[in-house]
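In what follows, a single structure is set out as structure tokens and then discussed.
The first residue in the sequence is number 1, and the count goes up from there. Everything quoted here is computed from the prediction, not taken from an experiment.
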Amino acid sequence: MPKNHLSAILILLVLLCSLLVSCGEQPLADIPAKTLLTEVLARFDNDGNVDIYHSDAAENDDAYLDPGLAGQTFLGEYGAPLAGDGSITDFAHAIPSGLFAFEIDIFKTADAAAADAVAQMLGTRMEMKTARRTEIEHYLSTDPSSANELKALNDMEIWRIGNYVMLLATHDNTAVKNTVRTLLGAKAETDDMETAGTTAAVTSADTVMELTDPVTQAAEDGFTMTVTSHSAPDRVVLGGKCAVGAKIHVEGGIKDYVFGTDYNSWLVEVEIAQKGESLLKIRQELDGKLSVPLTVEVPYDKSVDFSDHGIYAALMGDHFQGHFVQQLDDWMGTNLLDEDGISKMTRSLKDRASFCEKIGTKLVFMVVPNQCLIYPETMPDRYPRSTADHTLLDQFTAAAKDAGAIVLDLYPVMEEHKNDAFKIYHKTDSHWTDYGAYWGCHTLISEIAKDYPDAVPMVIGEDISFYTREVEAGDMMTHFEVDNALVSETATFAEWLVDYPNRPNIYVDNRCEIDNHLVSGNQVITNPNAKDKNLPSAMIIRDSFSFNAFAYINQCFSEVHWNYTWDYKFKKVDIKRADVDYLIYLISEKSLGSILY
């Protein structure tokens, strides 16, 4: 069903259900929203993973919710006004800091009409939270708290009692409701009459697809096939080991394929007939000679459904290069902004840049290019490339520069090093490598050095070197639903030649997959080597591409305020209090939509 239809249905349900509120109940107590939220949060242990806001807070208070942030949070547009003047008389919020689902929003409204408007607004908030589900599943899969976070999404609802309207996204909404009822003096049995919402409709598959053929097949010259797994009803992923420099030929799909390989590993994705079974023959070509074929029968299987992986669904291109479907909008140009979108983005960027200029902080955007646009030759031909002469990043760059921000163009340096001996992007993981991050940070620090000459980029061979090592595959295997151990990649890693501080290990053991728990949280890093240098301070708003940059940036600033990863909120109070020289957005191009407004 189209997204706009789902939105209309959700909002209609909210409004229709709100009409069921009983008119003959006992009067409710008049309790401040802040008091209700405080009592409710006492029932939960959130370990500081929420930002608390309320309507009584002064502008210089942590709990102050400025209009820009309110619009960004509840309407997806920085600075957009909420309900009409005077219709919201009181509010208190517990909004996630970073990639978490737990949230409680309490609005007290002036009358029933205002309550309806707030319920509709919270329906928009529900949609935005649901859209981030796959991120939570992807990055919190090994975190013990992930079960509660997913339950919070599954049970998310809009609840109305009297003129109070609430969005509840917790693992125990009943406890919230009972606490609120007790404080307001409401009857417990009125739940059906008070509920004005519905739970989030998106659910997650509980099982992982089994491999079609988990048994290793082998031919000559080290050619083996260990992976044969559906990636769609009419697509299959094949992979294994090969000779260095070999090519892989696949016959029996909708066409004959020839793929490049990477070191001694191969992984390909082929389309098959949309009925019956396809007999695939896979050969290795080495020195112009084809091997004896490995064979596998692959049925068209309409039950295969990876939709629950959302934007993190993976696709495999040529030369063993994986991509996330999140990049397809940039590749095909389907996310280009119209005039209205450009106008909204421009207003938002000018507000942020003006605020930063006022407090003496330079605003910098560092956007890491998509793999598909650096290696376009690896993209499957079933996805047509945009013929437009500009991208969303181009639109953003023009608006940000016009607003007075610094925008670092990383395309030249990524293009320059795309064919180096060391990889700038992993093949089976969604992130750039330590080597790619080095060159991205080299660009950043070179820009900073214009004002702070002591901020010198690290030197390869003196401060750091790089090496390759064969390890298990990265995070894309999760989204192909293939065991990481069945695929290996010769990946690039950093070796530090100087004992610099604040550079934790960021990888899962024996994989090129990142373990984010040491680097994803809200933390302030002070550089002990900055005592005799004139180095600036910075705050970083970021996504997961910051993980590889973490160690590099820590060495070149006196102090770095690392915000929670995936928390893109522009929090003026926090920024002003940090009193930093630079506010840096460090995100991947595919995440650009998260910071437009």
Side-chain angles (χ1 to χ4, degrees), residues 46-51 53 69 72-74 76 78 93-103 125-143 145-146 148-150 152-153 156 169 200 202 204 309-313 324-327 329 348 352 365-368 370 396 429-432 437 440 474-475 478-479 506 513-525 538-550 553 560-571 574-575 583-597:
N46 290 291
D47 299 325
N49 293 335
V50 292
D51 291 325
Y53 303 100
L69 181 53
Q72 183 184 52
T73 301
F74 293 104
Y78 190 82
H93 307 302
I95 299 173
S97 291
L99 194 64
F100 300 98
F102 183 97
E103 179 171 349
R125 176 62 178 164
M126 282 179 64
E127 290 178 353
M128 290 190 290
K129 289 178 68 66
T130 300
R132 300 195 70 185
R133 181 191 185 89
T134 52
E135 291 183 85
I136 293 174
E137 291 179 320
H138 181 64
Y139 288 103
L140 295 183
S141 59
T142 60
D143 191 313
S145 69
S146 62
N148 282 344
E149 294 298 312
L150 292 178
L153 279 177
M156 182 166 52
V202 178
S204 174
H309 292 271
I311 59 175
Y312 291 102
F324 272 170
V325 300
Q326 190 180 12
Q327 301 179 37
D329 285 338
S348 172
R352 283 176 272 181
F365 291 98
M366 178 177 174
V367 183
V368 184
N370 288 329
F396 177 85
D429 191 88
S430 57
H431 300 92
W432 55 359
D475 63 4
T478 300
H479 302 286
I506 62 171
E513 182 174 354
I514 289 175
D515 179 358
N516 67 74
H517 77 279
L518 292 177
V519 291
S520 63
N522 189 18
Q523 55 187 302
V524 178
I525 300 295
M539 175 180 283
I540 315 290
I541 296 175
R542 58 194 178 121
D543 69 7
S544 59
F545 273 67
S546 66
F547 299 157
N548 297 77
F550 188 83
I553 290 177
V560 183
H561 296 245
W562 294 94
N563 283 8
Y564 276 111
T565 317
W566 308 285
D567 188 351
Y568 305 116
K569 296 192 290 290
F570 188 83
K571 295 179 279 191
D574 289 354
I575 296 167
L583 176 65
I584 302 171
Y585 282 81
L586 198 174
I587 67 166
S588 58
E589 185 173 359
K590 63 180 182 286
S591 297
L592 189 59
S594 299
I595 67 167
L596 295 180
Y597 310 125

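For the side chain to side chain contact (heavy atoms under 4.5 Å, CB included) test, residues two or more places apart in sequence or in another chain that qualify with Asn563 are Asn522, Met539, Ile541. For Ser520, the side chain to side chain donor-acceptor pair (under 3.5 Å) criterion is met by Asn516, not counting sequence neighbours. For Asp475, the side chain to side chain donor-acceptor pair (under 3.5 Å) partners two or more places apart in sequence, or in a different chain, are His138, Ser430. Residues that satisfy the side chain to side chain contact (heavy atoms under 4.5 Å, CB included) test with Ala437, not counting sequence neighbours, are Trp432, Asn548, Tyr552. Under the ring-ring contact (aromatic ring centres under 6.0 Å, His included) criterion, His93 pairs with Phe74, Phe91, Phe107, not counting sequence neighbours. With sequence neighbours excluded, the residues forming a side chain to side chain contact (heavy atoms under 4.5 Å, CB included) with Thr73 are Leu69, Ile95, Arg125, Lys569, listed by chain and number. Under the rule for a side chain to side chain donor-acceptor pair (under 3.5 Å), the partners of Ser544 that lie at least two apart in sequence or sit in another chain are Tyr139, His431. In this structure Tyr53 satisfies the ring-ring contact (aromatic ring centres under 6.0 Å, His included) test with no other residue, sequence neighbours excluded. Listed by chain and number, the residues in a salt bridge (charged side-chain N to carboxylate O under 4.0 Å, His left out) with Lys571 are Asp51, Asp567, Asp574 (sequence neighbours excluded). Checked against side chain to side chain contact (heavy atoms under 4.5 Å, CB included), Ala538 has the following partners two or more places apart in sequence or in another chain: Ile540, Phe557, Tyr582, Ile584. A search for ring-ring contact (aromatic ring centres under 6.0 Å, His included) contacts involving His309 returns Phe306, His479, not counting sequence neighbours. With sequence neighbours excluded, the residues satisfying ring-ring contact (aromatic ring centres under 6.0 Å, His included) with Phe570 are Tyr78, Phe355.
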